[in-house]
Amino acid sequence: MSIIEVDALEVLDSRGRPTVKAMLTLASGARGSASVPAGASTGAAEAFELRDGDPRRFRGMGCLKAVGHLRGEFADWALAEAPEDQATLDAGIRELDGTDGFARLGANAALALSLAYARARAGERGIPLWRYISELAGTKPAIPLPMINLFSGGKHAGGQVELQDVQVMPLQAGSTSKVLATVFDVFTAAAELVHRRYGMRMLRADEGGLAPPFSDAAEMLQCAVDAISRSGRQGVALTVDVAASHFWNAGTYQIDGTELDSAGVIDLISGWIDRFPIVSIEDGLAEEDWDGWPQLRTVLNGRAMTLGDDLLCTNVARINRAVAARAADALLLKANQVGTLTDALAAFQAARAAGWRIVVSARSGETEDDWLADLAVGLGADHIKIGSITQSERLAKYNRLVEIEHLWKLPSPLPVVRGDDAGRSGSSWCD
Ligand code: PGA
Ligand code: ZN
């Protein structure tokens, strides 16, 4: 069904920074809109996010150029070419841009259009977005098990500690509602602990997590374990985003006041896994430390997922390289790292073909749009990473998961998390 209108707006994200919203109308009258998120702790291989660069407006972060491209070149192309399906639209706008990674027209504009089109097509057929996505991907839809932000450091907070995010994952909750009820208790206990230990009530980081002045990573992890035990909840594991690219410089890591090489960081992480109930390590090493990653995976194997974010950037070529090198066993999937739904699905397929786990992820700068929940459900992703349970741009997605679970009675969150060779040396946290 042909497209009769493409419009766009500059709207604000959860950091109060501009981002892009696209609105699209099909000849049938069906409409779809989508807003895109933005990262702060970005990978070097991410698709290009177009910002105006005018220092007099939003300190250069305006998105009027991207909006202009949507109303101009993208709209002209879409109305003239009348793409018949998602793949044709996405391939067409990639070709229109003519660069790798939407360096000309902006991946933020491209993704907004791609998702607005998906919404319009789903609406036209009277099906939910997650079902549309599962048909495109050929997947069995399922409710993902969330990893939920508790504490932040690094680029998501004041940089008081290098470790970027410590998240909690209730392994046996059985439904999203129960996951949220469990995490509420843990988060509340964490807030009380932080108040007692650091004398502060609610210092919130970008994803809504608490950000007290921990002196090092181990203290941050211990505080999470203490919060879990104070909450009285059982079976709650930790997942960690180390985001190591951001404290790596010319082959050296600067963490907790010390300088380490890759082997040193792997030892440090291995020590955390021995001491704390961690089931996933994201970006344990830097995005270009390709020699270190296979060793990290070997050390983590069966104890925690080796999850690649900056390493992979939802990019098929990087995923294939990591598969060949046995550098990871799980993909963090962020659609705006590639710029279209079709590209995100290709990354998903490449990772799944290797038997990897999939974690669909939000960005630190989010909007109230909830398409992320539908994406994760549609793909049948193992996990979803949205941030904490305290800010509406995060809750829009959690609440959408609750709604999907209720309305369509989809399978509940997985009770198990482990690396692909689990069992060989599996720890009790993973069983
Ligand atoms: P970002 O952080 O959205 O700031 O990139 C999320 C992450 O690193 O996983
Ligand atoms: Zn990350």
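In this chain, numbering begins with 1 at the start of the sequence shown. Just so you know, ligand 1 is whichever comes first in the structure, and atom 1 is the first atom listed for that ligand.
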Q: Examine all N, O or S atoms of Asp241, backbone included, and report whether one is under 2.8 Å from the Zn ion (ligand 2).
A: yes

**Q.** Proximal ligand 1 atoms for Ala40, defined as those under 4.0 Å from one of its heavy atoms
**A.** 1 (P), 4 (O), 5 (O)

Q: Flag the pair Asp206 and Lys155 as a salt bridge only when some basic side-chain nitrogen lies within less than 4.0 angstrom of an acidic carboxylate oxygen.
A: no

Q.
Using a 3.5 Å cut-off on N or O atoms only, is Ala362 in polar contact with ligand 1?
A. no

**Q.** Distance from atom 7 (C) of ligand 1 to nearest protein heavy atom, with residue and atom
**A.** Lys334 NZ, 3.1 Å

Q.
At less than 4.0 angstrom from any non-hydrogen atom of Asp309, what atoms of ligand 1 do you find?
A. 7 (C), 8 (O), 9 (O)

Q | Min heavy-atom dist Asp283 to ligand 1 below 4.0 Å | A | no

Q) Which atoms of ligand 1 have any heavy atom of Asp241 under 4.0 Å away? A) 7 (C), 8 (O), 9 (O)

**Q.** Salt-bridge contact Lys385-Asp309 (side-chain N to carboxylate O under 4.0 Å)
**A.** no

(Q) Counting non-hydrogen protein atoms only, what is the nearest one to atom 5 (O) of ligand 1? Give residue, atom name and distance. (A) Arg363 NH2, 2.7 Å

(Q) If the threshold is 4.0 Å, N to carboxylate O, is there a salt bridge linking Glu46 and Lys334? (A) no

(Q) Please determine whether a side-chain nitrogen of the Lys or Arg among Glu135 and Arg121 lies less than 4.0 Å from a carboxylate oxygen of the Asp or Glu. (A) no

Q | Close-contact set for ligand 1 against Leu332 heavy atoms, below 4.0 Å | A | 9 (O)

Q.
Looking at ligand 1, would Lys155 count as a contact under a 4.0 Å heavy-atom criterion?
A. no

Q. N/O to N/O below 3.5 Å, does that happen between Glu46 and ligand 1?
A. no

**Q.** Closest to atom 9 (O) of ligand 1 among Glu366, Lys385, Gln337 (heavy-atom distance)
**A.** Lys385

Q. In Å, rounded to the nearest 0.5 Å, how long is the span from CG of Leu105 to CG of Leu113?
A. 10.5 Å

Q. N/O/S atom of Glu282 under 2.8 Å from the Zn ion (ligand 2), yes or no?
A. yes

Q) Should the pair Glu366-Arg363 be classified as a salt bridge under the 4.0 Å nitrogen-to-oxygen rule? A) no

Q) Is it true that some N/O/S atom of Asp309, main chain or side chain, lies under 2.8 Å from the Zn ion (ligand 2)? A) yes

**Q.** Ion pair check, Glu219 and Arg197, cut-off under 4.0 Å
**A.** no

Q. Between Arg15 and ligand 1, does any nitrogen or oxygen pair lie at a separation below 3.5 Å?
A. no

Q | Taking atom 8 (O) of ligand 1 as the reference point, the nearest protein heavy atom with its distance | A | Gln164 NE2, 2.9 Å

**Q.** Pair Glu10 + Arg57: basic N to acidic O under 4.0 Å
**A.** yes

Q.
Between Asp13 and Thr19, does the side chain to side chain donor-acceptor pair (under 3.5 Å) criterion hold? Intermediate values first, please.
A. CA-CA 6 Å; Asp13 71 13; Thr19 188; 5.6 Å; no

Q: Any atoms of ligand 1 less than 4.0 Å from a non-hydrogen atom of His156? List them with their elements.
A: 1 (P), 2 (O), 4 (O), 6 (C)

Q) Charged N to carboxylate O under 4.0 angstrom, Asp382 versus Arg352? A) yes

Q. Is Asp165 close to ligand 1, meaning an N/O of one under 3.5 Å from an N/O of the other?
A. no

Q.
Return the CD1 to CD1 distance between Ile255 and Ile269, rounded to the nearest 0.5 Å.
A. 7.5 Å

(Q) Can you name the atoms of ligand 1, numbered from 1 with element, that are less than 4.0 Å from a heavy atom of Gly39? (A) 1 (P), 3 (O), 4 (O), 5 (O)

Q: Assign the ring pair Trp248 / Tyr253 to parallel, tilted or perpendicular, where the plane angle (0 to 90°) is split at 30° and 60°.
A: tilted

Q: For ligand 1, note which part of Asp310 has a heavy atom under 4.0 Å away: side chain, backbone, both or neither.
A: neither

